[in-house]
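Everything quoted here is computed from the prediction, not taken from an experiment.
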Amino acid sequence: MGIRSRFFFILFCLQVLLASVATSKAEANISNTRFLLTSNDTNGVRHAPGVCAMYDICGARSDAKVLNCPLNAPAVKPDGLLSSKIQSLCPTITGDVCCTEAQFDTLRSQAQQVVPLLVGCPACLRNFLNFFCEMSCSPNQSLFINVTSTKKVNNSLTVDAIEFYVTDAFGEGLYNSCKDVKFGTMNTRAIEFVAGGAKDFKGWFAFVGRQVGLNVPGSPYAINFTSNVPESSGMIPMNISAYACGDTSLGCSCGDCPSSPTCSSSAAPSISKSSTCSIKMGSVKANCSDVVVAVVFIVSLSVFLGWGIVHQKKRMSPVSRTKPLASAPSSDGRHSTDQKDGDLPLPILRNGARHSGEARLSLVQVYMSNFYRIYGAWVARKPALVLFSSLAIVLVLCLGLVRLRVETRPEKLWVGPGSRAAKEKQFFDTHLAPFYRIEQLIIATIPDEGKEKAPSILTEDNIKLLFEIQKKVDGIQAKFSDSVVSLTNICYKPLGSDCATQSILQYFKMNADNFDSFGGVDHIQYCFEHYSTADNCRSAFKAPLDPSIALGGYSGNNYSEASAFTVTYPVNNAIDRESNESKSAVAWERAFIQLAKDEIMTMVQAKNLTLAFSSESSIEEELKRESTADVITIVISYLVMFAYISLTLGDKPRLSSFYISSKVSLGLSGVMLVLLSVLGSVGFFSAVGVKSTLIIMEVIPFLVLAVGVDNMCILVNAVKRQPQELLLEERISIALVEVGPSISMASLSEVLAFAVGTFIPMPAVRVFSMFAALAVLLDFLLQVTAFVALIVFDFKRTEDQRVDCFPCRKVSSLEDSNNGTGLRKPGFLARYMKDVHAPILSLWGVKILVVSVFVAMALSSITLCTRIEPGLEQQVVLPRDSYLQGYFKNISDVLRIGPPVYFVVKNYNYSSESRQTNQLCSISHCDANSLVNQITRVSLTPESSYIAKPAASWIDDFLVWMSPEAFGCCRKFINGSYCPPDDQPPCCASDQATCGVSEVCKDCTTCFLHSDLTEDRPTTAQFKNKLPWFLKALPSASCAKGGHGAYTNSVDLQGFENGIIPASEFRTYHTPLNKQVDFVNALREAREFTSRISKSLQMEVFPYSVFYIFFEQYLDIWSTALINLAIAIGAVFFVCLIITCSLWSSLIILLVITMIVVDLMGVMAILKIQLNAVSVVNLVMSVGIAVEFCVHITHAFMVSGGTRDQRMKEALGTMGASVFSGITLTKLVGVIVLAFAKSQVFVVYYFQMYLALVILGFLHGLIFLPVFLSMFGPPSKIDLENEDARPSTSSQF
């Protein structure tokens, strides 16, 4: 807004500096022709002390810019009043002068515009004023200024070009004293405005000296600044002293002058930069962790191979062949290897008494076996009672579904109530103002074929298209509560009635009629350099528009090569989401998105451009849509699993008996039980007031089905394995005794593993874990009750020759191949496991290879784990066909500015007795290590601090606004009330083209004299009285430091009369954050920075940005994951130890589960799956699912007899087929269907991770675990007739 005034001061300099002394316009006309010379011809012109080169005004251009008279005449002595005025502004000018009183008044009025920009560094301000005072009023003007060209205007000769001789030393001194001075309101340096962003003094002089066209801010005639004076000219360069910004007598702040001696001891705060240890071997560079793991693997492999060779030699020795060291006694107590593997029965405890050849179970297992033996017989006798009573309990739980509520708000799903970010957001919204809602359009060009770089979007056709689109957006009429909502009703209006739309169209005042009259595309190019200074470049809402906000796809500051328009509509936000203000904004946003889809997309594509768009409510709306996007995929997954279950549970299909032996009804009943367990879990928590989430509805049924199917297959297969001559009651009882303990152990481990997720503070994860744990528990209880009862009914149906699915129909006769055999013939998988798979794994070379490969996999995964990045890409969460997919890609590729970040100070004590004012500010007399100074320092290293610019400091601008030097800012009428600047009402009428000193405000004086302040700081009363004035003061050409608009919401004035400001903020920007890890690191660095600041200043400071609340979880996601995994694995170990009472077997299960989890994390690194709440839940759940791949094989191994190899074969023969078909394949067929889901979150976090888990579980459970057990397995739990025949502990290895 008023920032345009910075350039106007330069204009005054260009105009006033060229005004010299003359006594009359007539004399000037006479002298013009007489004394005009070129730079190489000074004959006839006096270049001497006390002589002027120009004076007075001889004309003006058509754009009203005045032109000086060329005149070579003596300087004149001013009267006493003019002399005192000149001394107040130009202390270096004494005696005669080359300016009149009117000219000096113009100089003074223009000077007040630049003073607020540079007053923070008095040395810069003094050099700047001295420079232009010498140009305008120096009595020795002719010594360093020479008129080189003239032009007649209205019959008067005027100056058209001059040469100004100035030493390089002064130029460098001037530039160096000003180059670091900040302009807080715009988060940048003042040099960007007063010198056009020049990189050195020559660039500054070139900016000031160029001659501009009509209606363009700048000098009306050319000025050539040079230090090379012709020898014969008699001229000498201007060489007044230039103050260094480090001059202690002029007190520049460290933020404005880092080279100041007082700042040399104040080094920039160190930024934590994680360094990676690496080792270089020749041209190869490797991480230290990789090298350590490689060394550990090589050493371990060498030791293992050495042990294997020695062990193999012992086995091959004659003694070993007579009595194998690695053998365990057989079930009859003899060390025999002659017994055929296939003849080994699975020992069980049937009657509680311990007999020779039966398993020696732990006390817990004895109780569990006795319970399942009695319970199984009872269920077989009363299946109907068990079925209906269990279903009744679950149905009662389902009644809670009437209170079902679904939470969809992102901040409620991913942020815990105790979150620091949530508390800070609440504080910011309450004390300052909620961050506005963002609606955005990104229109970009498409690269030409064969080229990577897209062409510039700055063409006349594209800008006119943008005007058409803007017209469409302005015309949106959304309906809400019997009213119509348009953009003007809801948009953010910081300075008046115009919306603060961030669009390149603001350079045309958002008016298409101005496009041609302003100069079209050339005007845009001009505004790129003068957006903050030129009046015709300022926005319709009276503030400057930074091109970096409205453009994208450019490098550096080359805005001309921008390949994208970014149009942002800030909309007012409200704390209460249920308020009419929020609901009306949402209604408009929906209409905005629909317009973009239906009309704007067509308009843009017709011009061969791309369109991306988003609104504040887009993510929430798309997440809701995602909840129904994959319903068909999920249903198909369930149907596939159901079909597989039906086939797996049935006998080998034969056409003659398939309708009898099939288990379709049993499989369908099992699936229904799974769904009932999920509904019961949701119903229970809904009844107690816990809101559900969309992910619960989609994932938990699949998860519980995948987990529950395993137990169904194991139970049915266990019943099938029993001798057919036994009564069904006995078969059910024996089957439950056989597999009940392992099922209980696996299920309890899964429940505990899932329940561990409740320790994660994130609400979505905690709720998911609660629902999943209860669902798995209910599923287990229904399986051992209702499903066992259903097994009884189904086997009775089969024995009665009744048709599956139509049990009322009975077949009269059916050939039964199993009648009279006593045992069912083992299936293909069982025979493969015992006769092919197990013998291969028994080979010594295979064992060595298996162990080596799996250990290598685990160690490699450990190194890969360090490469997993925290975060959750927005594109992954959304459906693949979402319009936001293109939007997020565009903002990553196009945007060149990051999100705003606010450093919030709590309870700032502004009283005179407190030092906190100097601890915050960055102007003269402020502490070197003040908050704003340190923000400026860290912004110098944006690659590590993620801070892009210095902070906009309200306290700096307020102190400058109050300063007596800023005589156009803080002013008062005679009665003590606030007097606005001369260019604002009532001092200047709103319809007045130009404003001078008005009659209304002629008696206004500055608020304070230097004597009224204490060390340039206000007293408590002065601060309290003038702060509200400052926050209501509009910035303008006369005073750019007005706080209204820029700082309206930066200070909480509630209760500030007591000397304490509850909250205030200092605004800056992050660097562009393109990756999730960038957001996380930006938050981490900001918090570490404020932590150091709070400690050093003894003040409470915290950073706030709108994205912090969603990324806080990732700061400690690794510790959260590792702690929860440790608790989950520990819980599984504890359960196994309690039930088996075998430390050895429990440690083996612990090892295998850990290896599966570590390998899964390695796969995550390879597939670039990020670590977030979803993946942490999956990792924790993988612990529970991995149990199933380990527990059943280990349990079967422990209760088998014979050598370790024999027991391994027996375990694979009895449980291997169930693990493969009931656990591996059931999960596999269900998971594969998820690959076709529309949502990336299903594909990445459920298809990819679950598929990897199933494959890793299969490999570890059916390859590594059997091999490891055959080499290092625990002793058998078979009672021996001869205890002394048991091999020693050493022989077990």
Side-chain angles (χ1 to χ4, degrees), residues 324 326-332 336-348 357-359 648-649 651-652 710 713-724 734-735 738-739 742 817-818 821-847 849-850 1145 1148 1152 1188-1226 1257-1274 1276-1278:
S327 65
S330 62
S331 59
D332 60 358
S336 173
T337 58
D338 297 332
Q339 186 177 7
K340 292 184 179 180
D341 298 339
D343 298 333
L344 285 173
L346 184 63
I348 56 173
E358 294 184 350
T648 303
L649 297 182
D651 294 330
K652 181 179 178 181
D710 312 338
C713 292
I714 291 172
L715 283 169
V716 173
N717 289 335
V719 178
K720 288 181 181 179
R721 283 199 302 267
Q722 307 310 315
Q724 297 299 300
I734 295 171
E738 190 176 290
V739 299
S742 62
S817 60
N818 285 327
T821 61
L823 287 172
R824 290 176 181 264
K825 183 179 179 181
F828 169 76
L829 279 178
R831 295 197 306 273
Y832 165 79
M833 286 292 173
K834 179 171 288 189
D835 300 335
V836 179
H837 191 72
I840 292 176
L841 296 182
S842 299
L843 299 176
W844 189 254
V846 173
K847 293 181 180 181
L849 179 63
V850 167
S1145 62
I1148 291 175
V1152 177
E1188 298 182 351
F1189 291 99
C1190 308
V1191 167
H1192 303 296
I1193 298 291
T1194 305
H1195 181 262
F1197 179 85
M1198 291 176 62
V1199 297
S1200 298
T1203 65
R1204 285 196 178 95
D1205 282 341
Q1206 290 172 334
R1207 293 160 58 200
M1208 179 263 285
K1209 294 178 183 178
E1210 183 64 26
L1212 285 175
T1214 55
M1215 296 303 298
S1218 296
V1219 170
F1220 182 75
S1221 62
I1223 299 178
T1224 305
L1225 293 183
T1226 50
F1258 162 73
L1259 294 176
H1260 284 79
L1262 294 179
I1263 296 179
F1264 175 75
L1265 179 60
V1267 168
F1268 196 84
L1269 288 172
S1270 69
M1271 299 177 70
F1272 309 104
S1276 174
K1277 285 184 174 290
I1278 300 299

The complete set of side-chain hydrogen bond (donor to acceptor under 3.5 Å, both in side chains) pairs with one or both residues in residues 1258-1274, sequence neighbours excluded, reads Lys847-Ser1270, Asp1159-His1260
Inter-residue atom distance Leu1269.CG - Phe1264.CZ, 0.5 Å rounding:
9.0 Å
Do Phe1268 and Val850 have side chains that approach each other closer than 4.5 Å (heavy atoms only, starting at C-beta)?
no
How far apart are the closest heavy atoms of Pro1274 and Ile1148, and which atoms are they?
CD-CD1, 3.8 Å
How would you list, by chain and number, every residue that makes a side chain to side chain contact (heavy atoms under 4.5 Å, CB included) with Leu1259, sequence neighbours excluded?
Phe854, Ile1255, Ile1263
Test your reading of the model: is there a side-chain donor-acceptor pair from Arg721 to the backbone of Thr1214, 3.5 Å cut-off?
yes
Distance-minimising heavy-atom pair for Leu1265 and Thr1194
CD2-OG1, 3.7 Å
Between Ser742 and His1192 the two heavy atoms that sit nearest each other are OG-ND1, 3.1 Å
Closer than 3.5 angstrom, by distance alone: can the side chain of Thr1224 be matched with the main-chain N or O of Val1219 as a donor-acceptor pair?
yes
Ala735 to Gln722 - nearest heavy-atom pair and separation
CA-NE2, 4.2 Å
Ile1193 and Gly1261 have their tightest heavy-atom pair at CG1-O, 4.0 Å
Would you indicate whether the side-chain heavy atoms of Glu738 and Val1199 approach each other to under 4.5 Å?
no
Side chain to side chain contact (heavy atoms under 4.5 Å, CB included) partners for Ala838, two or more places apart:
Met1208, Lys1209, Leu1212
By ring pair (Phe, Tyr, Trp, His ring centres under 6.0 Å), which residues pair with Phe1258, not counting sequence neighbours?
Phe1220
Closest non-hydrogen atom pair between Ala1211 and Phe1197, with its separation:
CB-N, 3.7 Å
Between atom CG of Asn717 and atom CE of Met1215, what is the distance when rounded to the nearest 0.5 Å?
8.5 Å
